[in-house]
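Scroll down for the structure; my scribbles are underneath it.
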Amino acid sequence: MADSAVPVISTGLQNIYITESKICRVDGENGKLYYRGYSIDTIARNSNYEEVAYLLIYGNLPKRQELEAFRQQLKNEREIPDSIVKLIKESANKADPMDVLRTAVSYLSIYDNETKDQSQESNIRKSIRLISKISSIVAAIGRIRDGFDYVHPDKSLGHTENFLYMLKGRRPAKEELVPVEMMYILQAEHSSNASTFSTIVTGSTLSDIYSAVTSGIATLKGPLHGGADEEALRMMYAIGKPENTEKYIEEALAGKQKIMGFGHRVYKAYDPRARIIKDYLLTLQNHASEEVRNLTKIALIAEKMMIDKLGKSHGIWPNVDFFAGPVYRSADIKLEMFTPMFAASRIAGWSAHMLEYWKDNKLIRPLEYYTGQLDLQYIPIDKR
Ligand code: CMC
């Protein structure tokens, strides 16, 4: 290309492939999602978070003994250092939980004597450590924010059950465990989304996995990405009553506001994860709390309006974040914990991508097309 020719610029890296991958296929045209070749519907119906994490990390479903060994490794890694509990105590009430989580995960690297070991075996061990410990950190943040003491993990419990135990200080009821397990499974992986890309960018410099994942957490925080579930629920609270929904959405769209929990860079059809979450929400209605029933009514009216107005015509459909809020509320999870829990689940995907990318690492270094001036004359400060 001649210097003067304007290159094709793909803002937001839209439609740019950065690597080959065998981890996840997002079929945006047809609204389908696959983890390692298994459709998300099959996974959501049959699997559990530990098995999904194993599948993402190792590339195949585990045999019974392999799964048991993996579960045991996760259990053995659950405890977090006292200084991280102290950090959470000092910051949980002053800072956004995602800021506390990002700092705590970065801090974790100091306690791992393998941080600098870039062998695949060590990175698998660290991935398992991170999958285990991030859940403990998120639970500790939620619990300490609520004014309670840190609860140590319980090795007799499964991964999400232990998360809820550490968050709530008691073993969860089935009605709390089922939706949280479902959300953990559905949010575990999603191809080269912004946070995974940012994880890979950091990892591609051959920085360690803690640094890479810290980048991922920082990126997940934003409302255009992982933070959308919180914003969608805030909107439902702001709407208040089902009868206010139509006016609210009309006015928001007229004011060119985005409706959080709708739209996606890749899906131009209904996000299959949103459908699974919605279906679950609909099964709850007879025994759900008044709050959840009210939120569900608001969500259904908003969904119908958005699909009528922007669905087929503009390819804007509900995404994973839209129905997540009412579902989390059915398990009495506070809004501020949604995005940290997203991270506690997505760590499996981030790790899987790092392990895959490092097998054939290439530094990520795109170009910018410079449109500023050149060869300006430097004028001394007292003459400007
Ligand atoms: N509500 C109203 N209009 C929308 C929405 C929405 N949620 N999403 C996109 N649009 C419109 C947008 O205003 C723009 O219109 P116009 O061409 O007239 O300016 C057009 O659709 C294209 O939008 P864009 O933001 O340029 O497209 P994108 O591919 O960059 O957007 C997105 C993807 C997810 C950032 C966007 O849909 C959005 O901001 N949605 C709300 C936030 C959200 O729910 N994020 C979670 C995404 S799913 C979880 C994850 O993987 O992170």
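For ligands, and for the atoms within them, numbers begin at 1 and follow the listed sequence. We count residues from 1, following the sequence as given.
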Arg273-ligand 1 polar pair, N/O distance under 3.5 Å: no
Phe342 N/O to ligand 1 N/O under 3.5 Å: no
Residues, nucleotides or ligands: over 12 heavy atoms within 6.0 Å of Glu66 CD: yes
Donor on one side chain, acceptor on other, His159 and Glu181, under 3.5 Å: no
Geometric N/O contact Ala228 with ligand 1, under 3.5 angstrom: no
Protein contact for atom 20 (C) of ligand 1 (heavy atom, distance under 4.0 Å): no
Atoms in ligand 1 with a heavy atom of Gly261 nearer than 4.0 Å: 43 (C), 44 (O)
Nearest non-hydrogen protein atom, atom 51 (O) of ligand 1: His264 NE2, 3.6 Å
Heavy-atom proximity to atom 4 (C) of ligand 1, best of Leu220, Ile316, Ile259: Ile316
For atom 18 (O) of ligand 1, the protein heavy atom that lies nearest, with its residue and separation: Lys256 NZ, 4.8 Å
Test of ring centre spacing under 6.0 Å for Tyr267 and His190: yes
For ligand 1, the portion of Asp321 having any non-hydrogen atom under 4.0 Å away: side chain
Phe262, any N or O under 3.5 Å of ligand 1 N or O: yes
Proximity flag Gly12 to ligand 1, non-hydrogen atoms under 4.0 Å: no
Pick from His190, Lys258, Arg346, Gln187: the one approaching atom 39 (O) of ligand 1 most closely through a non-hydrogen atom: Lys258
Test item: side-chain donor near acceptor, His353 and Thr199, under 3.5 Å: no
Side-chain H-bond candidate by donor/acceptor type, Ser47 with Tyr35, under 3.5 Å: no
Arg170 atom CZ: more than 12 heavy-atom contacts under 6.0 Å: yes
Other residues, nucleotides, ligands: >12 heavy atoms within 6.0 Å of Tyr370 OH: yes
Pair Asn361-Ser204, side chain to side chain contact (heavy atoms under 4.5 Å, CB included): steps then yes or no: CA-CA 6 Å; Asn361 191 69; Ser204 83; 4.0 Å; yes
Nearest protein heavy atom with distance in Å, relative to atom 34 (C) of ligand 1: Gly263 O, 3.8 Å
Atom 31 (O) of ligand 1 within contact range, any protein heavy atom under 4.0 Å: no
Any protein heavy atom < 4.0 Å from atom 1 (N) of ligand 1: yes
Shortest protein contact, atom 47 (C) of ligand 1 (heavy atom only): Asn319 ND2, 3.5 Å
Protein residue, atom and distance nearest to atom 45 (N) of ligand 1, heavy-atom basis: Leu224 O, 3.0 Å
Lys126 versus Asn123, side-chain donor and acceptor atoms under 3.5 Å: yes
Contact bool for atom 14 (C) of ligand 1 (protein heavy atom, d < 4.0 Å): no
Side-chain H-bond candidate by donor/acceptor type, Tyr184 with Ser135, under 3.5 Å: yes
Backbone of Phe148 reached by a side-chain donor or acceptor of Asp146 within 3.5 Å: no
Shortest protein contact, atom 33 (C) of ligand 1 (heavy atom only): Arg265 N, 3.7 Å
Which residue and heavy atom of the protein sit nearest atom 42 (C) of ligand 1, plus the separation: Met260 SD, 3.4 Å
Atom 50 (C) of ligand 1 - nearest protein heavy atom and its distance: His225 ND1, 3.4 Å
Residue of the set Thr202, Ile200, Thr205 for which side chain to side chain contact (heavy atoms under 4.5 Å, CB included) holds with Ile364: Ile200
Residues Lys155 and Asn162: side-chain donor-acceptor under 3.5 angstrom: no
